[in-house]
Amino acid sequence: MLHARVRSRRVTLLGAVVLVLAAAAPAAAQDAATIKRLEQMNKRAMEDYDLLEFDSARKTLTDAVALVRSSGLEEGGHPIAAKTYLNLGVVYIGGFKDKDRGRMQFVRGLKVRPDAKLDGALATPELQEVFNDALKEVGKGRKPEPPKPEPPKPKPEPEPSGKVEGLVHEPVNEARAGFPIVVKAELGAEINAAKVLLFYRGTGREDYVLADMAKNKKGVYTGQIPADAVQGKVLQYYIEVRDTRGRPLIANGSSGSPNIISVLEAAAGDGSNPDGRVGGDDEDPLKAARIKKQREQEQPPTGPTIRGRRFWLTVGFGTGFGLATGNSECAWNEGGQPDGKNYSGYCVTWTGSKATPIKTGFASAPMHLSPELGFYLGERFALSVQARIQVLTLADPGAANAAPGVLGRALYFFGKEKVRYYVGGAVGGGYIRHRVALGKVATNADVPAIQSRDIVDTVKAGPFLFGPFAGVYYDITRVVGLQAEVNALAAAPDATFNIDINFGLNLNF
């Protein structure tokens, strides 16, 4: 009987232990999964912080704090809970310059783990100072840690030797995808350079993109291939030096025989140098990624059209000439008419008057305005709307002097330098008026006795207009430029073929 009772108690105790272990196992597994998730969130947030993505880092850490509180890790004093608060404080101070909120997060982290410390890779004198204040507020009482030394500054560029001859350039052989590439060159004193140009193109591109190389205080010319161009398998580039007249003086590589860069696939922060080159730099990879981000933001736009500029407005004027056919627009007369009024020398259209046939030939269209509003679709393509407002025909008093028209245009650009040539086609509606000399004609068919006189009239063509054009842009600055264009227009059903020569002032925005 006694043995039976002992056996029964043992079974009951064993069952209780099994139940406790069974309940604790899922909780332990859940805690481990939560801790792992918090570690990943902290890592992702601080990578965003190093890449200057402060809003993203703050959001991730705020979500992590909510998870810390809901999981009970804060009450348990777990190191990951303290680390989450400290990292959030770093983001507030280092990213948003908010010391009060940052100190508050440091205090919360120290209350979770009094022995918590700042990450040595992140600590700066400013962060350490706020952290020390948080230590005092918590009442830790330990001696403040001395400020961390400043991180080493990037290695300065080597001074030019002063003995450079010709064009000296160390080719870039490899680069990481998604990183900008800084290209450097030196010129000898004997090279009278007006411009040093960097041409590059990526995989699948036919045309080279142009970027100016600027001379720094040490006499080194530097240019940058932007990060979004460092894609694919290879990148081609060459350097060209030109004189004041735009003629090539010397080059390193050429369009037919460029330098080749092998593009290696990699994510940001993989150890690549800030200038995109692989190897040769012992800086912290996350710091390199942060510098890369800053350089991309500070890099001035390249190319004359898309980067930084989407629209242009042209204030233009021009003159033209074309083929005049058909009849003059008005009937002319000299002296009084049946209604008793004097229409001497004026164009009239009373009942019974007839327009004068003209001899087919070329005639002038003296002056018109040509304002234009355009929009760039890409590096080479653009669309625009151009008005053709003829304002002067120099015909006799009473003849027409105005002729409006509107054209839709498609443009294709050659090159991306300050001087850019383009071609395109236009279609639209309106009229073109040509000035025609009729010579001595009877000014009133109903009164033959009246003397004849020399008449200058107009011939109208349209209203359907279409034709090709070609021109050139010259960018004085990134905002202001000049334009010259030859525009060929055909008109129907009143037919003509007209050539306009237009000049304009461009405003880019």
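Because the structure is predicted, anything quoted here is derived from the model rather than measured. Only this structure's heavy atoms are used, side chains among them; waters, hydrogens and symmetry mates stay out.
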Practice task
Step through it carefully: locate the ring centre of Tyr49, locate the ring centre of Phe54, and say whether they are under 6.0 Å apart.
Solution key: yes
Exercise for the section: Would you please say whether a donor-acceptor pair under 3.5 Å links the side chains of Tyr85 and Glu74? Expected result: yes
Exercise for the section: Using distance alone, with no hydrogens and no angle criterion, decide if Gln390 and Arg388 have a side-chain donor and acceptor under 3.5 Å apart. Expected result: yes
Got a donor-acceptor contact below 3.5 angstrom from the [X] side chain to the [Y] backbone?
{"X": "Arg201", "Y": "Asp207", "value": "no"}
{"X": "Asp500", "Y": "Asn502", "value": "no"}
{"X": "Arg103", "Y": "Ala134", "value": "no"}
{"X": "Thr319", "Y": "Pro366", "value": "yes"}
{"X": "Ser384", "Y": "Leu373", "value": "no"}
{"X": "Gln231", "Y": "Ala177", "value": "no"}

For atom [atom1] of [X], decide whether the heavy atoms of other residues, nucleotides or ligands shown that lie under 6.0 angstrom number more than 12.
{"X": "Ile476", "atom1": "CD1", "result": "yes"}
{"X": "Tyr421", "atom1": "OH", "result": "no"}
{"X": "Arg101", "atom1": "CZ", "result": "no"}
{"X": "Glu165", "atom1": "CD", "result": "no"}

Quick one, [X] and [Y] - any side-chain contact, counting heavy atoms below 4.5 Å?
{"X": "Glu39", "Y": "Ile80", "answer": "yes"}
{"X": "Lys233", "Y": "Val263", "answer": "no"}
{"X": "Asn259", "Y": "Gln236", "answer": "no"}

Please state whether the rings of [X] and [Y] are parallel, tilted or perpendicular, taking 30° and 60° as the class boundaries.
{"X": "Phe317", "Y": "Phe503", "value": "tilted"}
{"X": "Tyr412", "Y": "Phe414", "value": "perpendicular"}
{"X": "Tyr422", "Y": "Phe413", "value": "tilted"}

If I take atom [atom1] from residue [X] and atom [atom2] from residue [Y], how far apart are they, to the nearest 0.5 angstrom?
{"X": "Glu372", "Y": "Gln483", "atom1": "CD", "atom2": "CD", "answer": "5.5 Å"}
{"X": "Ile93", "Y": "Phe106", "atom1": "CD1", "atom2": "CZ", "answer": "4.0 Å"}
{"X": "Asn252", "Y": "His169", "atom1": "CG", "atom2": "NE2", "answer": "5.0 Å"}
{"X": "Leu86", "Y": "Phe131", "atom1": "CG", "atom2": "CZ", "answer": "5.5 Å"}
{"X": "Leu198", "Y": "Leu210", "atom1": "CG", "atom2": "CG", "answer": "8.0 Å"}
{"X": "Thr222", "Y": "Asp212", "atom1": "OG1", "atom2": "CG", "answer": "11.0 Å"}

Exercise for the section: May I have all residue pairs that pass ring pair (Phe, Tyr, Trp, His ring centres under 6.0 Å) and include part of residues 238-260, sequence neighbours excluded? Expected result: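 Applying ring pair (Phe, Tyr, Trp, His ring centres under 6.0 Å) to every pair that reaches into residues 238-260, excluding sequence neighbours, yields Phe199-Tyr238, Tyr208-Tyr238.
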Exercise for the section: Please say which of Phe381, Phe509, Trp312, Phe311 ends up in a ring-ring contact (aromatic ring centres under 6.0 Å, His included) with Tyr376. Expected result: Trp312
Problem - Pairing residues for Asp48 by the salt bridge (Lys or Arg N to Asp or Glu O under 4.0 Å) criterion, not counting sequence neighbours - result: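 With sequence neighbours excluded, Asp48 shows a salt bridge (Lys or Arg N to Asp or Glu O under 4.0 Å) to no residue whatsoever.
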Problem - Counterpart residues, salt bridge (Lys or Arg N to Asp or Glu O under 4.0 Å), relative to Arg58 (two or more places apart) - result: Asp55
